[in-house]
Colleague: 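Handing you a structure now.
Numbering of ligands and ligand atoms starts at 1, following listing order. None of the values given here were measured: they were computed from a predicted structure.
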Amino acid sequence: MISKNCSIILGSASVALFGYLYYIRICYNYLKSLGYDGPRPKFLIGNLLEFVSEKNSFQNSNLSHYSKTLQRWTHKFGKIYGFYEGHSPVLVLADPDLVADVFLNQNKLVTFRRSFPMSKKSSDPNADIFVSNGIRWLRLRYGLEKIMLNSKNNAKCLEYADTSFMNTFTAQADLCKGEKEIDICRQSKYFMIQAIFTVIFGTELNNFLQKKPHIHTVFKRQELEDSKLAEANNLYFTRAVCHKFDEAFEDFETFSILKFLAMITPELSFVWRLCDQFKFFFNSYIFHVAYFADPMSWFYSNFIQKHLIIYTQENDDISKLRQAAENTESYLSFGAEPNRAQVRLQSQSQNLNNFINRKQFCYLNSFLNLTYIPILKYTQNENGRRMLNSVRDLGESRRPARLPSLSKIDEIKKKCGDFSSSKREENRARLSSIDRFSRPESRSRLKSSTLILNDLESEDFENWKLTVNEALSNTLLMFFAGYETTSTAITFCCKAISTMPEQREKLLDEISQNWEKLKFNLEKFKIKPARVKKTSSQSEVDTSVDLNDSEDDDVFEDEKKPTSTNSLDEWNDLYEALENLKYLDMFVKEVLRMYPIANSMVSRKCVVDNLIISNGSYRIPKDMNVVVDVLSIHYDPLWWGPVDPKNFYPERFLTERHPAAWLAFGIGSRKCLGVKLAMSQIKLFVVRLLQNYIIDEPSVSDSKIRVGFADSVETKDILFTQPTSPVVVSITPKINN
Ligand code: HEM
């Protein structure tokens, strides 16, 4: 009997397995049936292996190189073709006209980003804007754009970047004397991690970490072995955290079996996700799939979240708060001692309150102000009872987060009928701010068309708020999105400055012509050796501290704020002055043309049946992932000539180019949200560097064997382009600036 059952089970399993394998085999005919050419896929893995076996241009080593693989395929198969990730088809566009057709003209229809294996689903309460789609993405974009693309906010961020430059350059003893050859990649990371941390949390990283001695234990060991530590005491934590970020990125980029399995068998994703849940229990190589390395997750979840936010569960927090309020009320009324949880709640809400009340500009503060949760306006010292009232008010006034799904389209259409025309006009005007990247002619076509626009019109923009979870998950996203990309861009800019004296002179000329407008704050940068002192916290590190035992004192209280003597107007002036440095602007753009950094991010998913592009020449079926071969477009002489695109020539940006020919920050309504922040920070870094240092090539350079700037840095890329080895430049301080 048992053996009969076993054979039935085995038989059904084999039929299912063969059925599945047969289905996979059939899938490989799909792109051909649509008329798309492409590389020949291997059974089960598709074309994935080709991404890791790409031969590197000048060292002949095997490196993962997403962009160069696409470039090679484009050369062979032309401007539109497909490949297979496992057996999932992916369409590649390598022509600006086609990119514009999909990313701009069809904007409303193709705002969905392609899904990455094992990434969060758009419906996850913690999903950030990058992985969100549909109405949820639009709601987040609508809120975050107001903060991140606002010039005044970006001007305030310059102050943080300026302070960070000082901490990471002019305060360092070894960078203040004599000629020095440094790895500019490492150095720009120190700069960037401080700058982005302050932009996000409104406080300097060092101050923040010094508040919590037990943090040291996480980052301690390898840093104590760093001999430079004594010289650069200020950077102690920064270097260490930086190192952890790098690990996090490595983890993010490394091959993981679960990610790979999810790619080749997406139908079984739920199984791999389930395995992912056990990663903390089985932290072996096989299950090690954390998107961000554990210390980083710990840093975020136990440190940032715990110290700032009282509650993050969106659905049941109100009842918890009411419960807490009632309990607190009873101890206040009857003089009973508060229990641990109540004390914790009070202290955490006070932390949040203190943080918000500092009114220091930072993303976290601004994002929290976009949430449904009104900020608690009480402190324990003032009056405990006011806290109770506030908590009650909170319960009354808070509305549940609305995340309408596209499947509710009929309901939404019905609502649309009741919509007053004036309200609709108002909403349309607001929508146009989101839609600013799309071409006007595409709108009329889209209005009559489908689904997503109807969805938008029915939305009441006034009520578009963020949930607390969203505010938090997006701060973490900004941390990651802003750190690696911008520091890599700075690295490439510095390499360009060091290798090309002619362009360096032009930059210096432009800076000296605008010296008056750019010089302010230079006093701060007077080059002087840093003080060498050991903090007590550093020497008193106790390795036995429990990492999860975070106390609830206010980590933001009394910390030294990044202050400056300059007024906001002056920062605005500096921001404007930087914007007006035309040569610098072209210089940075040219660097990013030759070394685009986030190529795999420029991707979409088609959500309509049969999207017709290029005047009917091509058809993109529903659910097809679409990616762009950014490198081929950036190096195409047709769009970037007549000067050879392999040559570094910033002046080529004086000629108007195709709107979809420069894709360093993506294109369309999902274009990079940090574009203004990144550009202004890169420019400020370059200006301060040139004002304070003489930049040159290192004395022993192997540049002879390389052909121009285009090949001067060896890179790899899966998610982001990164140098594979240190990028060394020579810097000599200009003592008397
Ligand atoms: C040199 C630096 C940077 C580069 C090269 C870069 C590049 C990109 C690219 C190519 C995309 C995809 C755009 C598309 O799909 O069309 C993107 C998206 C994004 N970037 Fe950046 N980025 C940089 C810096 C930043 C910074 C500093 C932040 C924020 C602090 C940021 C936040 C984002 C966000 C939130 C998205 C997703 C937008 C959405 O899905 O609506 N980026 N970035």
Colleague: Check whether any N or O atom of R113, backbone or side chain, sits under 3.5 Å from an N or O atom of ligand 1, and answer yes or no.
Modeller: yes
Colleague: Name the closest protein heavy atom to atom 27 (C) of ligand 1, giving the residue it belongs to and the distance to 0.1 Å.
Modeller: G482 CA, 3.3 Å
Colleague: Step through it carefully: locate the ring centre of Y635, locate the ring centre of W662, and say whether they are under 6.0 Å apart.
Modeller: no
Colleague: Quick one: does M148 get within less than 4.0 Å of ligand 1, heavy atoms only?
Modeller: yes
Colleague: When you compare the side chains of T486 and Q681, does any donor N or O come within less than 3.5 Å of an acceptor on the partner?
Modeller: no
Colleague: Verify the ring-centre separation between F130 and F480: is it less than 6.0 angstrom?
Modeller: no
Colleague: Would you say W137 touches ligand 1, if touching means a heavy atom closer than 4.0 Å?
Modeller: yes
Colleague: Starting from atom 4 (C) of ligand 1, what is the nearest protein heavy atom, named by residue and atom, and what distance separates them?
Modeller: F665 CE2, 3.5 Å
Colleague: So do M601 and F720 actually touch side chain to side chain, heavy atoms under 4.5 Å?
Modeller: yes
Colleague: Out of P723, S188, C185, which one pairs with T488 under the side chain to side chain contact (heavy atoms under 4.5 Å, CB included) rule?
Modeller: P723
Colleague: Any atoms of ligand 1 less than 4.0 Å from a non-hydrogen atom of G666? List them with their elements.
Modeller: 10 (C), 13 (C), 14 (C), 16 (O)
Colleague: I'd like to check which ligand 1 atoms, numbered from 1 as shown, lie under 4.0 Å from a non-hydrogen atom of A664.
Modeller: 5 (C), 7 (C), 10 (C)
Colleague: Please check: side-chain N/O of H65 versus main-chain N/O of K716, any donor-acceptor pairing under 3.5 Å?
Modeller: no
Colleague: Tell me whether ligand 1 is touched by G668 - counting only heavy atoms on the residue side and a distance under 4.0 Å.
Modeller: no
Colleague: Hey, could you give me the CG/OH distance between N580 and Y575, rounded to the nearest 0.5 Å?
Modeller: 11.0 Å
Colleague: Can you list the atoms of ligand 1 that are under 4.0 Å from a heavy atom of I129?
Modeller: 35 (C), 40 (O), 41 (O)
Colleague: Centres of the F685 and F169 rings: under 6.0 Å?
Modeller: yes
Colleague: Among protein heavy atoms, which lies nearest atom 14 (C) of ligand 1, and at what distance?
Modeller: R670 O, 3.3 Å
Colleague: Nearest to atom 28 (C) of ligand 1, what protein heavy atom do you find, and at what distance?
Modeller: G674 CA, 3.4 Å
Colleague: Check for me whether R604 has a heavy atom closer than 4.0 Å to any atom of ligand 1.
Modeller: yes
Colleague: Applying ring-ring contact (aromatic ring centres under 6.0 Å, His included) between F653 and each of Y583, F587, W640, report the one that passes.
Modeller: W640
Colleague: Looking only at protein heavy atoms, which one is nearest to atom 11 (C) of ligand 1, and how far off is it?
Modeller: M601 CB, 4.0 Å
Colleague: When rounded to the nearest 0.5 angstrom, what is the spacing between CE in M478 and SG in C362?
Modeller: 13.0 Å
Colleague: If you count the atoms of ligand 1 from 1 in the order shown, which ones are under 4.0 Å from a heavy atom of F130?
Modeller: 37 (C)
Colleague: Tell me which protein heavy atom sits closest to atom 24 (C) of ligand 1, plus the residue, atom name and distance to 0.1 Å.
Modeller: T485 OG1, 3.4 Å
Colleague: For atom 38 (C) of ligand 1, find the nearest protein heavy atom and state the residue, atom name and distance (0.1 Å precision).
Modeller: R141 NH1, 3.5 Å
Colleague: Quick check on contacts: which atoms of ligand 1 are under 4.0 angstrom from a heavy atom of A598?
Modeller: 7 (C), 10 (C)
Colleague: So, taking the atom named CG in L574 and the one named CG in D162, what distance separates them when rounded to the nearest 0.5 Å?
Modeller: 6.5 Å
Colleague: Check ligand 1 against L477 and write out every atom of the ligand that is under 4.0 Å from a heavy-atom position of the residue.
Modeller: 35 (C)
Colleague: Can you name the one residue among V626, V99, D97, V102 that meets side chain to side chain contact (heavy atoms under 4.5 Å, CB included) with I613?
Modeller: V102
Colleague: With a cut-off of 4.0 Å, which atoms of ligand 1 are near a heavy atom of I667?
Modeller: 16 (O)
Colleague: Run the numbers for me: atoms of ligand 1, each under 4.0 Å from some heavy atom of L677, listed by number.
Modeller: 27 (C), 30 (C)
Colleague: Can you tell me the protein heavy atom closest to atom 19 (C) of ligand 1 and the distance?
Modeller: C672 CA, 3.7 Å
Colleague: Quick one: which of T485, I682, L684 gives a side chain to side chain contact (heavy atoms under 4.5 Å, CB included) with I490?
Modeller: I682
